[in-house]
J.: 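Pasting a structure below so you can have a look.
Labels below follow one simple rule: chain letters A, B, ... track the order of the sequence lines, proteins then strands, and each chain is numbered from 1.
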Amino acid sequence: MSTKPSIPKGTRDFSPSEVVKRNYIIDVIQRDFGRFGFQPIETPSFENSETLMGKYGEEGDRLIFKILNSGDYLRKADTDALKAQDSAALTGQISEKALRYDLTVPFARYVVQHQNEITFPFKRYQIQPVWRADRPQKGRFREFYQCDADVVGSRSLWQEVEFVQLYDSVFTHLNLRNTVIKMNNRKLLSGIAEVIGAEDKLIDFTVALDKLDKIGEEKVKTEMREKGISEAAIAKLEPLFHITGTVSEKIKTLRELLATSETGLQGIDEMEFIVETIAELELKSATLEIDVTLARGLNYYTGAIFEVSAPEEVKMGSIGGGGRYDDLTGIFGLKDISGVGISFGLDRIYLVMEELGLFPKTVLEGTRALFVNFGEAEARYAMRAVSALRDEGISVDLYPDPVKMGKQMSYADKRDIPYVVLTGVSEMESGTYTLKNMKSGEQQQVDIDQLVRSLK
RNA sequence: GUGGUUGUAGCUCAGCUGGUUAGAGCGCUGGAUUGUGGUUCCAGAGGUCGCCGGUUCGAACCCGGUCUUCCACCCCA
């Protein structure tokens, strides 16, 4: 006996009903991407290591899946690094390729490489899997899909406004109500760091702040102290911990806090424009909120930062995120191209929709009718009707083998096929078909036209 | 990468402080029923108890390692 087959940790097989539901979500997202003027591209599943390494911070590098070189890679490796068991030094020598970690960096590479064919501003969308060598847990996989839409080549804040609308539109079409789009701004965070005199600790400070709703005010302060942020600086942050009220009240508080920081004030102006414009245009089902503790993807975001939370009743991390990155293409040698984009986490949206029972029943409808196979002559007769029905766009099947009828019936039953068509000698003689409704058990003899009409 | 958790039939799970031949429900196969499924009845097949090693007269059960599951941290969709 061979050993039990298995798949790698954090990966999944998708069975028919799952694929159908995933395709439904992709379909909705894709349609909205198109409506908002985005064009599709695809990039390879693996890139040259140097394209990816160093773009996501130290933590990110660790989570990138490296691909071993072909051939006798150890012979070509540096013997000193090998002997010293220096993994970091050795990795660069035995691995030149890596699986993509997200869609944004490969997109930046694409833009630089194809800059002469691209007309700016360029709006593209991309729906492909990405890989992370992370430990799996709820809603976290090592292979998962991202659905990204980005615009490069425009600094206009109208892009941010449109992305908020795009989120709202997709979640409305998925019937996923009460999502919360949280927005922050890197400039505002820089401003705060500036005001409290901790510019050099921006990342540490924001990472700690990000945990506010999870671990609470005291623990956040403790973490900040551990990272070397002064007591005086933490005292100045006090208003941030208790920022409440309407969006305009929050903006007012922030404006006071950041009065001496030009960058910070600019961040507030940007947020205010987006918030006011959205308020005027109105969202259909989502809510836009300002959240100064939001600090994801800080390694490349420079302006707006977005994150979408699932409806509160579902315990799930974010189902989408994004932001503006002013110089992502700079690292690949193309300066002064501003980009902004958002991502939908397909796998998590799926889990949320499943938990809330939001998939429409029609999505799961498969084969409409099964023709019972009574033998060769009968199958030939049945097959003519099968072809006619398929030409009409109706999904039907002929059971391939002339086995016992009970077996064929139970096959239809298990596959949830709603109708069975019987074509035996008596039907052949009269040129009819016996149509059986599997739910009610009723059956009637019909001609081909009636058959088509009944199954449509 | 750190800490915890899980693994017994295709699936969901029992299995006492270590004791002879490891059980149930569901599913599967055949029959009751050779032109009628979903209900019922009868019979049957299916397990090196995740894997490797150790302790013991004896291990599904105890110990170590490893893989896997799920959860938390780091980080993140």
J.: Decide yes or no, distance alone: a donor-acceptor N/O pair under 3.5 angstrom between the base of B/G38 and the side-chain of A/Asp413.
T.: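 It does not, because no donor-acceptor pair links the side chain of A/Asp413 to the base of B/G38 below 3.5 Å.
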J.: How does RNA chain B look in dot-bracket notation if pairs are Watson-Crick or G-U with both distances under 3.5 Å, crossing ones as [ ], other-strand ones as |?
T.: ((((..(..((((.....[...)))).(((((.......))))).....(((((..]....))))))..))))....
J.: Does A/Phe241 have A/Lys221 sitting over its ring (NZ/CZ under 6.0 Å from centre, angle to axis within 45°)?
T.: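 The answer is yes; both the distance and angle limits are met.
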J.: Output yes when A/Asp397 and A/Arg368 qualify as a salt bridge under the 4.0 Å nitrogen-oxygen rule, no when they do not.
T.: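 Result for this pair is no, no salt bridge flagged.
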J.: Does NZ or CZ of A/Arg132 lie under 6.0 Å from the centre of the six-membered ring of A/Phe144, at an angle within 45° of the ring axis?
T.: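 No cation-pi geometry.
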J.: Touch check for A/Gln146, heavy atoms < 4.0 angstrom, all strands: base, sugar-phosphate only, or nothing?
T.: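 Here A/Gln146 touches the backbone only, sparing every base.
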J.: Just checking A/Lys414: base, sugar-phosphate only, or nothing, at a heavy-atom cut-off of under 4.0 Å?
T.: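 Touches sugar-phosphate only.
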J.: So A/Lys138, base contact, sugar-phosphate only, or nothing? Heavy-atom distance under 4.0 Å.
T.: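 If one applies the 4.0 Å heavy-atom cut-off, A/Lys138 turns out to touch the sugar-phosphate alone, with no base involved.
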J.: Are the ring of A/Phe144 and the base ring of B/A77 both nearer than 5.5 Å at their centres and tilted by less than 30°?
T.: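 It does: the two rings, one from A/Phe144 and one from B/A77, meet the stacking criterion.
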J.: Name the nucleic acid region contacted by A/Gly441, choosing base, sugar-phosphate or nothing; use a 4.0 angstrom heavy-atom cut-off, strictly under.
T.: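 Since a base atom lies under 4.0 Å of A/Gly441, the category is base.
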J.: Hey, does the side-chain of A/Ser426 have a donor or acceptor N/O within less than 3.5 Å of a partner on the base of B/G35?
T.: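 Donor-acceptor pair under 3.5 Å: yes.
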J.: Applying a 4.0 Å non-hydrogen cut-off, can you work out what A/Gln443 is touching in the nucleic acid: base, sugar-phosphate, or nothing?
T.: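 Since a base atom lies under 4.0 Å of A/Gln443, the category is base.
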J.: Using a 4.0 Å heavy-atom cut-off, does A/Leu422 contact any base of the nucleic acid, only the sugar-phosphate backbone, or nothing at all?
T.: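 Base contact.
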J.: Check each residue of residues 337-362 of chain A for a non-hydrogen atom within less than 4.0 Å of any atom in RNA chain B, then write out the ones that pass by number, or none.
T.: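 Heavy-atom contacts with RNA chain B come from A/Gly345, A/Arg348.
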J.: Checking the side chain of A/Asn185 only, and the main-chain atoms of A/Met271 only, is there a donor and an acceptor separated by less than 3.5 Å?
T.: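 Absent.
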J.: Kindly point out which of B/C28, B/C75, B/G35 is positioned nearest to the side chain of A/Leu63?
T.: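 That would be B/C75.
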J.: Checking only heavy atoms, does the side chain of A/Arg135 share a donor-acceptor pair with the base of B/U2 at less than 3.5 Å?
T.: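 Donor-acceptor pair under 3.5 Å: yes.
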J.: In whole angstrom, give the distance that lies between atom OH of A/Tyr101 and atom P of B/C75.
T.: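 To the nearest whole Å, that distance equals 11 Å.
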J.: Is there any salt bridge (Lys or Arg N to Asp or Glu O under 4.0 Å) pair reaching into residues 10-33 of chain A, and which pairs are they, with sequence neighbours excluded?
T.: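 Every pair satisfying salt bridge (Lys or Arg N to Asp or Glu O under 4.0 Å) with a residue in residues 10-33 of chain A: A/Arg12-A/Asp347, A/Lys21-A/Glu354, A/Arg22-A/Asp347, A/Asp27-A/Arg31, A/Asp32-A/Arg35.
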J.: Within the 4.0 Å heavy-atom criterion, would you say A/Gly320 contacts the bases, only the backbone, or no part of the nucleic acid?
T.: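 The residue A/Gly320 makes sugar-phosphate contact but no base contact.
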